[in-house]
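The analysis underlying the following values was restricted to heavy atoms, covering all of them including side chains, and did not include hydrogens, waters or symmetry mates. Letters go in sequence order (proteins before strands), and every chain restarts at 1. Worth saying up front: this structure is predicted, and the values here are computed from it rather than measured.
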Amino acid sequence: MVKEKRVQEHRLPDLEDVSGNVVMRMAPSPSGPLHLGHSRMAILNDEYVKRYGGRLILRIEDTNPDNIDPFAYTQIPRDLEWLGVDVSEVVIQSDRFDLYYNEARNLIKIGKAYVCHCKQQDFRDMKLKGLECPHRSNTIETNSSEFEEMIRGSFRPGTATLVVKTDLNHPNPSIRDWIAFRVVDANHPRTGKKYHAYPMMNFSVAVDDHYLGLTHVIRGKDHLNNTEKQKYVFQYNKWKLPVYYHYGLINIPETILKTSIIKKGIAEGKYSGWDDIRLGTLLALKRRGYSPAVIRRYWIESGLREIDADFSWEIFNAMNKEIIDSGAMRFWFVRDPVRVTVKSPLPLQSRAPYHPGRTELGYRKYDLGTEFTIFVQKEDWDKFDDGDVLRLKDLCVVVKSGNVGNFDHREVTKDHPLKIIHWCPQDSERFSVYKPDGTVDNGLLEPLALDYNGIAQFERYGYVNKTADEAFFLYR
RNA sequence: GCUCCGAUGGUGUAGUCCGGCCAAGCAUUUCGGCCUUUCAAGCCGACGACCCGGGUCCAAAUCCCGGUCGGAGCACCA
């Protein structure tokens, strides 16, 4: 009697309160292209929209002009396309100032927002103590006219904010009266100096989430407090709340993700660009040869749970290998080469499959003659002493004698295993593999590989993404 | 400090809501074996976990209480 195996399928849990189609969103700020960390929200949202049907809105949150890279407006949609995320609609917050202003006016009218002129530090101190700021009790008329002045640009930055009233006794000080608008004097990449009063994220997000008709919101745990703040706007307007999910924080080790650091590095010439393979941007991952499918699979497997976890490159790479291996042609790349002369009584020909599991793809064949030059890795060759017998992969068995390998009739069998090393023919060309740790491996690449583009496996070396001139190391 | 959240093998997760089919599944790593003219891939097998202490119950990974540990937030950033 064999116990039936339980079949495991990694599937995201169902969403709550789904009636018909869902409307979801992802809301990156255009500070730069998307990186691995961002991809989680994109994939999760996309998966659910695909499951239930509905719409996925890309909302670009560009309400902080100091933190915008114009390149991001065009690159983010491209990153998403590469990920296979289907965006139904793109919304840019800097197009929607009028909406935010009107909603603010409304909040003022119902007595739920006021214009405050406190110094930043004073405002914070009073909140901490649960005290009311002197402007909190201003009349609706005063607040309305002062807000219009904020909009017109009558106030200098730091001298006026619009504050949403919540509860000064809220146990969490950060939830108490929070700032909804501030005065910004900056040149916005899209709107220039047209606007002076800028909405804060918590305000514009609440308004947009409502007007865009979101049914479900999935985002990181770092927004837990923001969600609480935003709920006040929904409550004051009697709007229906979306269902919120907050997934846990993922620590992605040994990876450079911070946009500010990357930007600085590019400016200083430390990195070649957003696609420098040392970075964790999607552009870099693409260049190294990762499949977008692995990113999707990894995040689906990680699920929606609120646990903080470490990102596992080990598992990520294993998943990617599974996806790419069958398409990865095998080639010989000889690092740190030494010249070896092979001598044989009869002409030799080598024959190595492009893929050992897919022999229908054919073989790499070289006619070599009776005495010819090959290159092997110094590290390999040095492991043998004169008189040692070894196998040159897919070629022949030789006996080492200095820098000569003499043909030998012995075979590799189960009872007599021989060490097998790879090699490349005389007319191989110099080739470099760039690694994500910033180092470069120089060597020789076999002629039949030179025109190949795409994911390859350099035998006994590792998987790489090869272009005409160079290759980027993926992993072993 | 305050508020909130979480805790399943080395790692990532399933199961927890509605207690029993869980002497805990899957993946990865490691180690064996098979196959193989790559230290690749594939196949087979093994090792390995319910944070601690109480409680409820016939029965707890699952419910309750208390600890411990970890994380996030506490900006005129998003």
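- With sequence neighbours excluded, the residues that form a ring-ring contact (aromatic ring centres under 6.0 Å, His included) with Y290(A) are F316(A).
- Contact annotation for N317(A): no contact, since no heavy-atom pair falls under 4.0 Å across all strands.
- For G12(B), its base sits under 3.5 Å from the side chain of E301(A) at one donor and acceptor pair at least.
- Looking at Y211(A) and E103(A), their side chains do bring a donor and an acceptor atom within 3.5 Å of each other.
- Within the 4.0 angstrom heavy-atom criterion, no nucleotide atom of any strand lies near N67(A).
- Under 4.0 angstrom from either OP1 or OP2 of A78(B) there lies at least one side-chain N or O belonging to T63(A).
- Checked for salt-bridge contact, D388(A) and K383(A) miss the test: no charged N lies under 4.0 Å from a carboxylate O.
- Using a cut-off of 4.0 Å between Lys/Arg side-chain N and Asp/Glu carboxylate O, K221(A) and E306(A) are scored as not salt-bridged.
- Scored by the ring-ring contact (aromatic ring centres under 6.0 Å, His included) test, H416(A) finds no partners at all (sequence neighbours excluded).
- The salt bridge (charged side-chain N to carboxylate O under 4.0 Å, His left out) search around R182(A) returns none, not counting sequence neighbours.
- An OP1 or OP2 oxygen of U3(B) is reached within less than 4.0 angstrom by no side-chain nitrogen or oxygen of R176(A).
- For the C1' atom pair drawn from U11(B) and A78(B), the interatomic distance equals 31 Å after rounding to whole Å.
- Here the separation of A40(B) from A7(B), taken at their C1' atoms, is 38 Å to the nearest Å.
- Across the C1' atoms, G25(B) and U8(B) are found 12 Å apart, a figure rounded to whole Å.
- Both E306(A) and A309(A) lie close to RNA chain B; mapped to their nearest nucleotides by heavy-atom distance, the more 5′-ward contact belongs to E306(A).
- For G67(B) and A59(B), the P atoms lie 26 Å apart once the distance is rounded to whole Å.
- C76(B) and A61(B) have their C1' atoms separated by 47 Å, with the value rounded to a whole Å.
- Under the ring-ring contact (aromatic ring centres under 6.0 Å, His included) criterion, Y244(A) pairs with no residue at all, not counting sequence neighbours.
- One atom, CG of D310(A), and another, P of G71(B), lie 11 Å apart when rounded to the nearest Å.
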Produce the list of close N/O pairs, under 3.5 Å, pairing protein atoms with atoms of nucleotides 72-76 of chain B; give distances to one decimal.
{"from": "G73(B)", "atom 1": "O2'", "to": "N225(A)", "atom 2": "ND2", "distance (Å)": "2.5"}
{"from": "C76(B)", "atom 1": "OP1", "to": "Q120(A)", "atom 2": "OE1", "distance (Å)": "3.3"}
{"from": "C76(B)", "atom 1": "N4", "to": "C118(A)", "atom 2": "O", "distance (Å)": "3.4"}
{"from": "C76(B)", "atom 1": "N4", "to": "G158(A)", "atom 2": "O", "distance (Å)": "2.7"}

With the criterion being N/O to N/O and under 3.5 Å, what pairs connect the protein with nucleotides 40-43 of chain B, and how long is each?
{"from": "A40(B)", "atom 1": "O2'", "to": "Q457(A)", "atom 2": "NE2", "distance (Å)": "2.8"}
{"from": "A40(B)", "atom 1": "O2'", "to": "Y463(A)", "atom 2": "OH", "distance (Å)": "2.6"}
{"from": "A40(B)", "atom 1": "N3", "to": "R330(A)", "atom 2": "NH2", "distance (Å)": "2.9"}
{"from": "A41(B)", "atom 1": "OP1", "to": "K321(A)", "atom 2": "NZ", "distance (Å)": "3.0"}
{"from": "A41(B)", "atom 1": "O2'", "to": "D325(A)", "atom 2": "OD2", "distance (Å)": "3.2"}

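- Across all strands, E314(A) comes closer than 4.0 Å to base atoms (heavy-atom distances).
- Only the C1' atoms considered, G10(B) is 9 Å distant from G48(B), to the nearest whole Å.
- For the C1' atoms, the distance from C69(B) to C52(B) is 10 Å, rounded to whole Å.
- For the pair I315(A) and D380(A), both in contact range of RNA chain B, the more 5′-proximal nearest nucleotide belongs to I315(A).
- For R124(A), the side-chain hydrogen bond (donor to acceptor under 3.5 Å, both in side chains) partners at least two apart in sequence or on another chain are Q120(A).
- Stretches of at least 3 consecutive Watson-Crick or G-U wobble pairs, with each checked distance under 3.5 Å, appear in RNA chain B as B:1-7 with B:68-74, B:10-13 with B:25-28, B:30-34 with B:42-46, B:51-55 with B:63-67.
- By the salt bridge (charged side-chain N to carboxylate O under 4.0 Å, His left out) test, E446(A) pairs with R364(A), sequence neighbours left out.
- Annotation: A14(B) and C26(B) have their C1' atoms spaced 7 Å apart (nearest Å).
- Residues meeting the ring-ring contact (aromatic ring centres under 6.0 Å, His included) test with H355(A), sequence neighbours left out: none.
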Do any side-chain atoms of residues 247-256 of chain A form donor-acceptor pairs under 3.5 angstrom with protein atoms, and if so which ones, sequence neighbours left out?
{"from": "N251(A)", "atom 1": "ND2", "to": "D310(A)", "atom 2": "OD1", "distance (Å)": "3.1"}
{"from": "T255(A)", "atom 1": "OG1", "to": "P253(A)", "atom 2": "O", "distance (Å)": "2.7"}
{"from": "T255(A)", "atom 1": "OG1", "to": "W313(A)", "atom 2": "NE1", "distance (Å)": "3.1"}

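- Under the salt bridge (charged side-chain N to carboxylate O under 4.0 Å, His left out) criterion, R288(A) pairs with no residue, sequence neighbours left out.
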